[in-house]
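Everything on this sheet refers to the single structure shown next.
All values derive from a computational prediction rather than experimental measurement. Letters A, B, ... mirror the listed sequences (proteins, then strands); counts begin at 1.
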Amino acid sequence: MVVMVSPEAEGAGRLRVLDPVTSEKISDHTTADLASWIGRYEAEHQPRWVFPAAEALYPQLLEAGVRVARCHDLTLTEGILLASAGQHGSPRNPAAAWARLHGRAEPPDKPPPARNAQPALFETDQETLSLDLLVEVYRSQLGRGEGQRLLIAAESAGGLAAAEMTDHGLPWNEGVHRELLTEMLGPKPAPGARPDKLAALAARIVDAFGGHPVNPDSPASVVRAFAREGIDIASTRAWLLREVDHPAVEPLLEYKELARMWTAHGWTWLDSWVHNGRFRPDYVVGGVVSGRWATRGGAALQLPKALRKAVRSLPGWSLVVADAAQLEPRVLAALSGDQRLAEVSADVDLYASLAADSFDGDRGRAKIAMLSAMYGGTSGGAGPLLAVLRKRFPQAVGHVEQAARDGEQGFMVRSRLGRTSPRPGAQRMALMERTDEESLQKSRQAAREWGRFTRNFVVQASAADWALVLLVTLRRRLAGTAAEIVFYQHDEVLVHCPAGDAPDVSAELAAAAAEATGLVFPGTEVKFPLESSIVDCYGDAK
DNA sequence: ATCGCATGCGCC
DNA sequence: AAAGGGCGCATGCGAT
């Protein structure tokens, strides 16, 4: 069964039950308590729910204790279909989709919710759209999305998984975090003051420059200070500073590291993002053009490794941490059908295996070669290494080089499941097409840059396909158990579960990885190992 | 006072 | 001197 949902203010709503094959109306319903209605119907029928946007509706259902298994998200789907039609960035809400079908003016998307906004129990500004309109958009999407059914289903399920993860929250031990901050930075400073250790380092930096005032937070000020000492640096990037022989370098590097911890993940972050022992980021499903997720606030996908110490399971519970090993080169092997690279992928350490096959056992060089192929890099002597790779793995290298050529010519490229890259913007496209003598250089550079983007897109986006399918497959497998998926980051999943269930969860993870591989790359011989460990502390994983 | 851009670093 | 793809975020700083 398929049920269209049109939420109204104050938790009310309208619903239409549709025939799953024809999408014809079976019955209409209105209710003052949408959550309860959905909860009852879910228990009895487990339909596919059609939501205008799970992001807006599902948190309220979860708040009311209602979960659903399956949905079709009209907003997420519209985003995929628009991109597929070369219309990245158009409004993708259902009302805009309907307007497009009828040649009317398209209402813009609503601005995203305020940073770290506390979700209201029942939002009253939720746009109410008629069931007729929603059904029309749904049918249109089924037609337009014929070739991307798995991607649409996975993206929609991802929308549910994201809301559930925010609802669970990542178990966060505030005490551990505070101890770490005190250890690194000193006691929590008064408002407006710098932590002791940062102040001390700043003083050391000034000393090292002979007492001249220097603001270590200002790159320009640091560059000027070095210039006074006769040292020219192009920027204050850490990797560049490391090459400089000067007493200020060491305290500067330490300052940068600690300052980042203070400003990005210090006491202020803790107070605004961790409540009752849980960190609840807002995930933005498909927020990156490649299909990777983003987050709104909280920098959840950029947690410094040092902070993983603060992620602790509750007493009697465990964390199962799973990480796809070297996902992107495996994806390239499967995408391109390169038999030899498929054989290399049999090893959990793909780079070691690649080194043994083609680089005299030099893992570092093997890795540089592979990364250059996937990113289009040429530095670090990558050129000759790439040549070796091309000779030994012509299909794999040919695959990314074709994607690069497509991009250089302004064509779109697609991920395995059909997610589509944007076209170059009008300005870049105009530059890329210029052939006059004075612009030739810039034209070629613009084309090469876009080629690097599309080269990487096919790999990164197909890896995101695989990881998304893994996530939603795992979600389905864990439904009805006590286990909670609590974190998802590109190629990594964390599950929080009763300690006794952890081995079962690990088994489900392995099964989900195999299932994802079969769904995304049917028939491939490429191996996609998932390294998982059962721990009490995220910092102890691997 | 407020905004947008550049810088630089965190993660994958 | 730049160099390899994708992001989010805090800060500095000039423009408004």
> Nearest to the side chain of A:P304, which nucleotide is it out of C:dG6, B:dG10, B:dG8?
Replying inline: B:dG10
> What is the distance from CE of A:M261 to P of B:dC9, rounded to the nearest Å?
Replying inline: 15 Å
>> C:dG8, OP1 or OP2 - any side-chain N/O from A:T295 closer than 4.0 Å?
In response: no
>> Does A:R260 contact B:dC9 through a side-chain donor or acceptor facing the base, at a distance under 3.5 Å?
In response: yes
>> Closest-nucleotide mapping onto DNA chain C: is A:Y375 or A:D217 further toward the 5' terminus? I mean the 5' end.
In response: A:Y375
>> Any base atoms under 4.0 Å from A:A259, or only sugar-phosphate, or nothing? Heavy atoms, all strands.
In response: nothing
> Are the charged groups of A:R178 and A:D271 less than 4.0 angstrom apart, N to O?
Replying inline: yes
> Quick one: does A:R237 reach the base of B:dC9 with a side-chain donor-acceptor pair under 3.5 Å?
Replying inline: no
>> Can you measure A:N215 atom CG to C:dT11 atom C1' for me and round it to whole angstrom units?
In response: 9 Å
>> Taking the minimum atom-to-atom distance to the side chain of A:A238, which one of B:dC9, C:dG12, B:dC11 wins?
In response: B:dC9
> Heavy-atom count around A:D360 CG within 6.0 Å, excluding the residue itself: above 12?
Replying inline: no
>> Please check this pair: side chain of A:T77 against backbone of A:D73, looking for a donor-acceptor N/O pair closer than 3.5 Å.
In response: yes
>> In whole Å, I'd like the distance from the CG atom of A:N456 to the P atom of C:dC7.
In response: 10 Å
> With a 4.0 Å cut-off on heavy atoms, is A:Q489 in touch with a base, just the backbone sugar-phosphate, or nothing at all?
Replying inline: sugar-phosphate
> Can you find a side-chain donor-acceptor pair between A:R414 and A:T420 that sits under 3.5 Å?
Replying inline: yes
> Whole Å only: how far is the CH2 atom of A:W269 from the P atom of B:dC9?
Replying inline: 21 Å
> CD of A:E257 versus P of C:dA10: gap in Å, rounded?
Replying inline: 19 Å
> Does the side chain to side chain contact (heavy atoms under 4.5 Å, CB included) test come out yes or no for A:W172 and A:V311, once each step is laid out?
Replying inline: CA-CA 5 Å; A:W172 198 274; A:V311 180; 3.5 Å; yes
> Given B:dC12, C:dC9, B:dC9, which nucleotide is nearest the side-chain atoms of A:A299?
Replying inline: C:dC9
>> Whole angstroms only, please: what is the CZ-P distance between A:R419 and C:dG6?
In response: 16 Å
>> Classify A:R448 by what it touches in the nucleic acid, base, sugar-phosphate, or nothing, heavy-atom distance under 4.0 Å.
In response: nothing
>> Measuring from the side chain of A:R308 (C-beta onward, heavy atoms only), which nucleotide among C:dG6, B:dC11, C:dG5 has the closest atom?
In response: B:dC11
> Checking all strands, does A:S235 fall into the base, sugar-phosphate, or nothing category for heavy-atom contacts under 4.0 angstrom?
Replying inline: sugar-phosphate
> With a 3.5 Å cut-off and no angle check, do the side chains of A:Q445 and A:E449 form a donor-acceptor pair?
Replying inline: yes
>> Tell me whether the side-chain N/O atoms of A:S218 come closer than 4.0 Å to OP1 or OP2 in B:dT7.
In response: no
> Nearest to the side chain of A:A234, which nucleotide is it out of C:dA2, C:dG5, B:dC12?
Replying inline: C:dA2
> Which whole-number value in Å describes the distance from A:L301 CG to C:dG5 P?
Replying inline: 20 Å
>> Closest approach to the side chain of A:P219, judged atom by atom: which nucleotide of C:dG8, C:dG6, B:dT7 is it?
In response: B:dT7
> Given atom CZ of A:R194 and atom C1' of C:dG12, what is their separation to the nearest angstrom?
Replying inline: 14 Å
>> Once you apply a heavy-atom cut-off of 4.0 Å, does A:S372 come out as touching a base, just sugar-phosphate, or nothing?
In response: nothing
